[in-house]
Engineer: 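Please read through the structure below; I'll follow up with questions.
Quick note: numbers below take in every heavy atom, side chains included, and nothing from hydrogens, waters or symmetry partners. Counting begins at 1 with the first residue of the sequence.
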Amino acid sequence: MNDSSKTPQVVKSDEEWKAQLDPESYYVLRQAGTEMPHTGKYYNFFDGGKYYCKACGAYLFSSDQKFHSSCGWPSFYDVQKGAIKYIEDNSHGMRRIETRCANCDSHLGHVFDDGPLDKTGLRYCINSVSLTFKPEKQ
Ligand SMILES: [Zn+2]
């Protein structure tokens, strides 16, 4: 969890991100915002498929890694290897670990250690608006 110096592979100016993303996604992905809990379109959503970074399209999570959590945001117990970078976040008087897309440095959410103990024990708490879902091919 100490790869925050890794150079992102997709680098765009703030203006380019703003033009590409809808306002809520821009706020979350590029300004480290948080969507309202229990409102995200992938919170109560368990179709089979893959979740990609909405900003750059990197493959981040599989639906197999998703679990139901009462926290109000989509929750995953694991990620695609190397897809995410971790940054210590001491804002709002809390000590948390921020998760960003390793490919484009966009904010995704945070990771906590209260996930399912029969899996990794981790809970990746991710904003729906940071993600694009593609269903599994039938
Ligand atoms: Zn990305």
Side-chain angles (χ1 to χ4, degrees):
M1 309 233 311
N2 194 20
D3 57 356
S4 59
S5 62
K6 201 158 124 188
T7 309
Q9 290 163 329
V10 174
V11 179
K12 293 187 182 186
S13 72
D14 202 45
E15 286 308 309
E16 286 174 299
W17 286 123
K18 211 175 232 176
Q20 176 191 329
L21 298 165
D22 62 88
E24 197 184 8
S25 295
Y26 173 79
Y27 165 68
V28 171
L29 286 159
R30 303 307 308 175
Q31 299 187 303
T34 300
E35 71 192 11
M36 293 285 288
H38 304 280
T39 63
K41 70 183 202 181
Y42 300 132
Y43 173 51
N44 274 317
F45 179 89
F46 291 94
D47 289 3
K50 294 177 176 178
Y51 293 85
Y52 299 85
C53 173
K54 196 170 193 173
C56 76
Y59 176 28
L60 302 176
F61 302 100
S62 155
S63 57
D64 296 338
Q65 297 169 324
K66 198 171 190 296
F67 70 98
H68 180 75
S69 157
S70 56
C71 70
W73 291 276
S75 298
F76 302 84
Y77 62 79
D78 206 357
V79 302
Q80 298 307 301
K81 203 168 184 296
I84 280 182
K85 72 177 194 180
Y86 303 90
I87 294 177
E88 201 172 307
D89 174 5
N90 295 312
S91 65
H92 306 293
M94 293 178 275
R95 194 174 172 279
R96 297 181 296 173
I97 304 293
E98 179 191 355
T99 54
R100 291 193 194 177
C101 172
N103 194 49
C104 73
D105 204 33
S106 291
H107 175 80
L108 302 170
H110 290 85
V111 60
F112 302 95
D113 60 6
D114 58 4
L117 290 173
D118 59 334
K119 306 288 188 187
T120 58
L122 297 174
R123 172 171 61 91
Y124 289 83
C125 180
I126 305 298
N127 291 282
S128 296
V129 297
S130 296
L131 300 170
T132 301
F133 177 78
K134 289 182 189 162
E136 251 151 29
K137 289 199 177 77
Q138 299 298 315

Engineer: Distance from Phe76 atom CZ to Ile126 atom CD1, nearest 0.5 Å?
Structural biologist: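 If we round to the nearest 0.5 Å, Phe76:CZ and Ile126:CD1 are 7.0 Å apart.
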Engineer: So, do Val28 and Ser130 sit near enough that their side-chain heavy atoms are less than 4.5 Å apart?
Structural biologist: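 The answer is yes, as the side chains (C-beta and beyond) meet within the 4.5 Å cut-off.
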Engineer: Do other residues, nucleotides or ligands put more than 12 heavy atoms under 6.0 Å from the CE atom of Met94?
Structural biologist: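 Check passes, neighbour count above 12.
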Engineer: Measuring from atom SG of Cys53 to atom CG of Leu29, what distance do you get when rounded to the nearest 0.5 angstrom?
Structural biologist: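 If we round to the nearest 0.5 Å, Cys53:SG and Leu29:CG are 6.0 Å apart.
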Engineer: Start with the C-alpha gap between Asp22 and Lys54, add the side-chain angles, then the distance that decides, and say whether side chain to side chain contact (heavy atoms under 4.5 Å, CB included) holds.
Structural biologist: CA-CA 10 Å; Asp22 62 88; Lys54 196 170 193 173; 3.4 Å; yes
Engineer: For residues 103-121, dump all side-chain donor-acceptor pairs below 3.5 Å to protein atoms at least two apart in sequence or in another chain.
Structural biologist:
| unit_1 | atom_1 | unit_2 | atom_2 | d |
| --- | --- | --- | --- | --- |
| Asp105 | OD1 | Lys85 | NZ | 2.7 |
| Asp105 | OD1 | Arg100 | NH1 | 3.2 |
| Asp105 | OD2 | Arg100 | NH1 | 3.3 |
| Ser106 | OG | Arg30 | NH1 | 2.8 |
| His107 | ND1 | Glu98 | OE2 | 2.8 |
| His110 | NE2 | Asp89 | OD2 | 2.8 |
| Asp114 | OD1 | Arg123 | NE | 2.7 |
| Asp114 | OD1 | Arg123 | NH2 | 3.4 |
| Asp114 | OD2 | Arg123 | NH2 | 3.0 |
| Thr120 | OG1 | Tyr77 | O | 2.5 |
| Thr120 | OG1 | Leu122 | N | 3.1 |

Engineer: Is there a side-chain contact between Cys56 and Cys101, using heavy atoms and a 4.5 Å cut-off?
Structural biologist: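 Heavy-atom side-chain distance check passes, below 4.5 Å.
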Engineer: Between Gln20 and Ala55, is there a donor-acceptor pair closer than 3.5 Å when you use the side chain of the first and the backbone of the second?
Structural biologist: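 Yes, the answer is positive, given that a donor and an acceptor are paired below the 3.5 Å cut-off.
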Engineer: For the backbone of Phe45 and the side chain of Lys66, can you confirm whether one donor and one acceptor N or O come within less than 3.5 Å of each other?
Structural biologist: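 Judged by distance alone, yes, a pair lies under 3.5 Å.
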Engineer: Between Tyr43 and His68, does the ring centroid distance fall short of 6.0 Å?
Structural biologist: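 Here the rings of His68 and Tyr43 have centres that are less than 6.0 Å from each other.
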Engineer: Nearest 0.5 angstrom please: Lys41 NZ to Glu35 CD, how far?
Structural biologist: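 Going from NZ on Lys41 over to CD on Glu35, the span is 10.5 Å.
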Engineer: With a 4.5 Å cut-off on side-chain heavy atoms, are Tyr51 and Ser63 touching?
Structural biologist: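 Yes - at least one pair of side-chain heavy atoms lies under 4.5 Å apart.
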Engineer: Side-chain heavy atoms under 4.5 angstrom apart, residues restricted to Ile, Leu, Val, Met, Phe, Trp, Tyr: same cluster for Ile84 and Phe67?
Structural biologist: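 As far as the 4.5 Å side-chain criterion goes, Phe67 and Ile84 are not connected within one cluster.
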Engineer: Starting at CG of Leu131, measure out to CG of Leu60 and round the result to the nearest 0.5 Å.
Structural biologist: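 Output value for this atom pair is 6.5 Å.
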Engineer: Using only atom types and a distance under 3.5 Å, with no angle test, would you say the side chain of Ser25 pairs donor to acceptor with the backbone of Val129?
Structural biologist: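 The answer is yes, because a donor-acceptor pair under 3.5 Å joins these two groups.
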Engineer: Hey, could you give me the OH/CD1 distance between Tyr124 and Ile97, rounded to the nearest 0.5 Å?
Structural biologist: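 That separation rounds to 10.5 Å.
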Engineer: For Phe133, does its backbone N or O pair with a side-chain atom of Tyr42 as donor and acceptor, under 3.5 Å?
Structural biologist: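 Yes, the answer is positive, given that a donor and an acceptor are paired below the 3.5 Å cut-off.
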Engineer: Under 4.5 Å between side-chain heavy atoms, chaining through other members, with only Ile, Leu, Val, Met, Phe, Trp and Tyr counted: pull out the rest of the cluster around Tyr59, sorted by chain and number.
Structural biologist: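 Tyr52, all in the cluster of Tyr59.
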Engineer: Taking the side chain from Trp73 and the backbone from Thr34, do they hold a donor-acceptor pair closer than 3.5 Å?
Structural biologist: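 Answer holds: no.
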Engineer: Taking atom types as modelled and ignoring hydrogens, do the side chains of Gln65 and Ser62 form a donor-acceptor contact shorter than 3.5 angstrom?
Structural biologist: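 Judged by distance alone, the side chains do not pair up.
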Engineer: At their closest point, which heavy atom of Asp78 faces which heavy atom of Phe61, and how far apart are they?
Structural biologist: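 Taking every non-hydrogen atom into account, O-CD2, 3.3 Å.
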